[in-house]
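Given the structure is predicted, the values throughout are model-derived calculations rather than measurements. The chains referred to below are lettered A, B, ... by the order of the sequence lines, with proteins before strands, and numbering in each begins at 1.
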Protein chains: 2
Amino acid sequence: MRADARRNHARLLTAAASAFAEHGEGASLDDIAKRAGVGSGTLYRHFPTRRALLEAAYAARIDALAERGDELSRSLPPSEALTEWLHEVCVATIQVRGLKSLMGSAVADADSTPLTACGTVVRTTAKRLVEQARSEGALRPDLTPADLLRLTHGIATAAELGGGEKDTRRYLDLLLEGLRPLC
Amino acid sequence: MRADARRNHARLLTAAASAFAEHGEGASLDDIAKRAGVGSGTLYRHFPTRRALLEAAYAARIDALAERGDELSRSLPPSEALTEWLHEVCVATIQVRGLKSLMGSAVADADSTPLTACGTVVRTTAKRLVEQARSEGALRPDLTPADLLRLTHGIATAAELGGGEKDTRRYLDLLLEGLRPLC
DNA sequence: ACCTGAACACCGTTCAAGT
DNA sequence: ACCTGAACACCGTTCAAGT
């Protein structure tokens, strides 16, 4: 990769991050190219689709979420670790502007949407946490990690329609009540 | 209202309905005006915002949903009537193209989004069904009708990310499990 | 090998002119 | 009172020309 290409790539990423933060996932691509000081063609060369740019812009945030999953599974009992991690996914979905649609397609059915890098990372973490909670008998056996991620995304959507971040815990707890094995 | 105005209004509504069905809520307004055989200014005169047009295009569908709520509350025990109605809301949200964002803003917090006609109708029906289920002791007392509508919208979102309509029942049942009073 | 930016297509929105 | 459609602004996307 040529030096100027590498530099443009980096400038596009920072420009994209701030534009998405300001205007959400629909931010103008032309504006992003301008902020980065490159021609619009250069943006398309590096990131052929809006999704590719979104994915790249939030890769670090997604990795941080995966890292948090590992931390939680080390420091808490399995079922609490899972609960807490799903809550953090909810909060990130709501409060990080532009992340929502990316998370949505990351947890969508793999047959209908091609699996994204973000999807792989998030599913891997979910899988580990779910398996640990299940082996403790804290989770219905008929739920896949993908089910849980989708339901959590739904809860984030619901909380966003309500009071925002302050409803995430309450709504998630209601859901998780239904996910426990029947008593 | 002048005769041609009334005619244009009607033509715009049918054109909008088919365009939204084909291309979702983002359908081109210019294309809708063309299909209706009117100038674009006429569309804006009748429906100043995209939301106003969406609202008008789906008014009948929303009224039908309210009507179903009344039928269900007459023919089923309160808690089943509520469950069944919420399921029908889910199914409509997923399968009627373009309806989703309208339903979303209909159940959003009234402080952040001005209450729509669709919101009023849907909330009124939810309120009656929730009150009947609650008086039977079948529902947590800390849940408002708005909470339930938001959670249901979240469930529809989750099901859409998964297998579509075939997951609505399963996901909704999981949620409703958590909404029952603690045993 | 990579970049630039003009060019094209498309869309939303407004408004002067028309009936 | 209502309609028309040209005009403007804005955006996504491509690609010939340039280094």
Inset, instruction - Round to a whole Å and report the spacing from CZ of Arg45(A) to C1' of dC2(C). - result: 5 Å

Legend entry - Nucleotide forming a Watson-Crick or wobble pair with dC11(C), both distances under 3.5 Å: none

Inset, instruction - Write down the distance between CZ (Arg11(A)) and P (dC2(C)), rounded to a whole number of angstrom. - result: 17 Å

Inset, instruction - Figure out the CZ/P separation between Arg6(B) and dA1(D), and round it to whole Å. - result: 16 Å

Legend entry - Presence of salt bridge, Glu131(A) and Lys127(A), under 4.0 angstrom: yes

Inset, instruction - Any chance you could list the contact pattern along nucleotides 12-19 of chain C? Use B for base contacts, S for sugar-phosphate-only contacts and - for none, protein heavy atoms under 4.0 Å, 5' to 3'. - result: SBBB----

Legend entry - Contact list for residues 41-50 of chain B, test salt bridge (charged side-chain N to carboxylate O under 4.0 Å, His left out), sequence neighbours left out: none

Legend entry - Nucleotide nearest Asp4(A) (side chain, heavy atoms from C-beta), chosen from dC3(C), dT4(C), dT4(D): dC3(C)

Legend entry - Among dC2(C), dC3(D), dT4(C), the nucleotide that comes nearest once only the side chain of Ala5(A) is considered: dC2(C)

Legend entry - Crowding at NZ, Lys100(B) (>12 non-hydrogen neighbours, <6.0 Å): yes

Inset, instruction - Starting at atom NZ of Lys34(B), determine the distance to atom C1' of dT4(D), rounded to an integer number of angstrom. - result: 13 Å

Legend entry - Donor + acceptor pair across side chains of Ser18(A), Arg35(A) (<3.5 Å): yes

Legend entry - Side-chain H-bond candidate by donor/acceptor type, Asp70(B) with Ser73(B), under 3.5 Å: no

Inset, instruction - Report the base-pairing partner of dT4(C) (Watson-Crick or G-U wobble, both distances below 3.5 angstrom), or none. - result: dA16(D)

Legend entry - Lys/Arg-Asp/Glu bridge criterion (N-O < 4.0 Å) met for Arg169(A), Asp173(A): no

Inset, instruction - Using atom NE2 of His46(B) as one end and atom C1' of dC2(D) as the other, report the distance to the nearest whole Å. - result: 8 Å

Inset, instruction - Compare side-chain N and O positions of Asn8(A) against OP1 and OP2 of dC2(C) and report whether any pair is under 4.0 Å apart. - result: no

